[in-house]
Amino acid sequence: MLNVQSLAVHYGGIVAVRDVSFAVARGECVAIIGPNGAGKSSTLRAISGLAPVTSGSIEFEGKRIDGLPAHMIARLGVAQVPEGRHVFGPLTVEDNLLLGRSRLGTGKPADGLERVYSVMPKLRDRRMQKAGSLSGGEQQMLVIGRALIGEPKILMLDEPSMGLAPQIVDAVFSLLDGLRRTGQTILLVEQNATQALEFADRSIVLNVGEVRMAGASSDLRARSDVVSAYLGGTEHI
Amino acid sequence: MTSAEILQLLITGLTVGSIYALVGLGFNLIFNATDVINFAQGEFVVLGGILTAIAVGTAGLPLWLAVIVAIVLVGALGALIDFAAISRVRRGSVMTLAMITLGLAVIVKTSLLLWVGPDPLYFDPFTPGPPIRIFGAVLQLQAIWVIGIGVLVMVALKFFFSHSRVGREMLACAIDREAAQLMGINVGATVRLSFILSGALGGLAGVLITPLTNATYDQGFTLALKGFAACALGGFGRASSAIVGGFALGLIEAASVAVLPSGLKDSVALSVLILALMIRPSGLLGGREERRHTQAM
């Protein structure tokens, strides 16, 4: 479904991604793990069109998407839940969700809202509140809901656990688990390697802009010492 | 001061205030979309008046059609400014972009001078008839049009931002460009629309006020200054601020004429601007960062 070949991303003179190749098949859950500055976020941002692709190619459903503007990539069914949540703070929860299907998704807005509310009942209780007044965990749920309401073919999440309390992280991952069971294709970027390796079918370890290891998450868990070394010693599995 | 004089002052203040509020709303639209202060905002107003006067006088169009043509043309000029200049340098600093709008303002002004000359242009009020006298104060029929349509447009804008899909998208782009793009929203097109709306609002202000004040090629700068003062007074970035600031400035100016020579009217507006920036740089309604990007509220 998604095929990234020899991707490189430079910002000015700075190399963020040197040479990254991987593929995600339909219905698969893939995690990209690695330490800070490994190029994980830049890889996602290149796929969604927010970061410039210096070289290499990105194909989605057999069609080249690198070079397309971000809003066109989104309309093809590639959703990115950005790092740091990025809710539309002054707008209500419901307006945030409606914006998620402003240009995406099919059917009536009310049905889309109902679908999201049934998975995230807390958002229903808070639908008329300003999104900026929600807790961090609720905001994370909201941005995931805002991406889901657009019925994405692939859901990409950038550090969904960042800055959240452990039990909230568990709630986010159990939500993602539920999505996986409905057949949702997911590409996850995480620093929290433990959670990511438990969740994903396959994982890719990035370091200094290159793929160091890749394989079934269970295999990587079995080689946790090597993975830890690439994660820079501060991360333990 | 007699009660008739106070009433007169209110009428004048609200009439002029509506215009300042419309100019301020136009400023806000472009500011929220691009972070740029559009110095050509006053030229939009002048063009609205002059184009209507020409369409009525020279081309002989009926007034209603002339008004529509003028507003559409000024909106199109807004789109052209974004297409030809602003969108080309979106990576430029806000200061660069502001300088570009200043240059465009000069181009429009000098072109108008060459085209229609230095004399004021004029067309008749929307409805003919003598002014109404209420409690000794004089109310021009055109002033009713100015205040009425002004308020109507403000209400319509509020509804547009809070209840329409495109309005919500404009807010989303103003709040967080990247997040909006990830939702499939075409940010470039949304910015373009802000310029069109801003131009149309300015053009409308010119159409409304010209029967009362005439339109001269060089009025733009003063008008822009007043609209800017209205925004600064209320707090930049918020629609209600521009409206509150516009009416406040209109009333202050009208009151100043009662006690000071009327030639000092513009100086009063400037003094208010300077005072507002000194005492409450964030505006009457609060901090810029906090209030910014919430046009709907």
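In what follows, chains carry the letters A, B, and so on, assigned in the order in which the sequence lines appear, proteins first and then strands, with residues in each chain numbered from 1. None of the values given here were measured: they were computed from a predicted structure.
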For B:Gly184 and A:Ala74 the tightest heavy-atom approach is N-CB, 3.5 Å

*asked:* Would A:Asp95 and B:His163 count as a side-chain contact (heavy atoms from CB on, under 4.5 Å) here? Give the steps.
replied: CA-CA 9 Å; A:Asp95 276 345; B:His163 282 85; over 6 Å; no

In terms of heavy-atom pairs under 4.5 Å with chain B, the winner among A:Gly100, A:Gly150, A:Ala79 is A:Gly100

Distance col, row A:Ile149:CD1 vs B:Met183:CE, nearest 0.5 angstrom, shows 10.5 Å

Item to check | More than 12 heavy atoms of other groups within 6.0 Å of A:Arg26 CZ | outcome: no

Here the gap from B:Ile175 atom CD1 to A:Leu91 atom CG, rounded to the nearest 0.5 Å, amounts to 4.0 Å

The reported gap from CZ in B:Arg177 to CG in A:Leu50 (rounded to nearest 0.5 angstrom) is 12.5 Å

Got a sec: does the CE of B:Met95 have more than 12 other heavy atoms crowding it under 6.0 Å? no

Rounding to 0.5 Å, atoms CZ (B:Arg165) and CZ (A:Arg101) come to a distance of 8.5 Å

Which is it for A:His71 and B:Ile185 under the side-chain contact (heavy atoms from CB on, under 4.5 Å) test, yes or no, and what are the steps along the way? CA-CA 6 Å; A:His71 69 270; B:Ile185 297 169; 5.7 Å; no

In terms of heavy-atom pairs under 4.5 Å with chain B, the winner among A:Gly105, A:Gly49, A:Ser102, A:Gly89 is A:Ser102

The reported gap from CG in B:Leu182 to CG in A:Leu99 (rounded to nearest 0.5 angstrom) is 12.5 Å

Residues at least two apart in sequence or cross-chain that pass salt bridge (Lys or Arg N to Asp or Glu O under 4.0 Å) with B:Glu253, listed by chain then number, are B:Lys226

Which of A:Gln80, A:Arg45, A:His86 passes side chain to side chain donor-acceptor pair (under 3.5 Å) with B:Glu178? Answer is A:Arg45

In this structure, CZ of A:Phe88 is separated from CG of B:Leu171 (nearest 0.5 Å) by 9.5 Å

- Task: Please check if atom OH in A:Tyr11 has more than 12 non-hydrogen atoms from other residues, nucleotides or ligands closer than 6.0 Å.
- Result: yes

Applying salt bridge (Lys or Arg N to Asp or Glu O under 4.0 Å) to B:Glu169 and not counting sequence neighbours gives A:Arg103

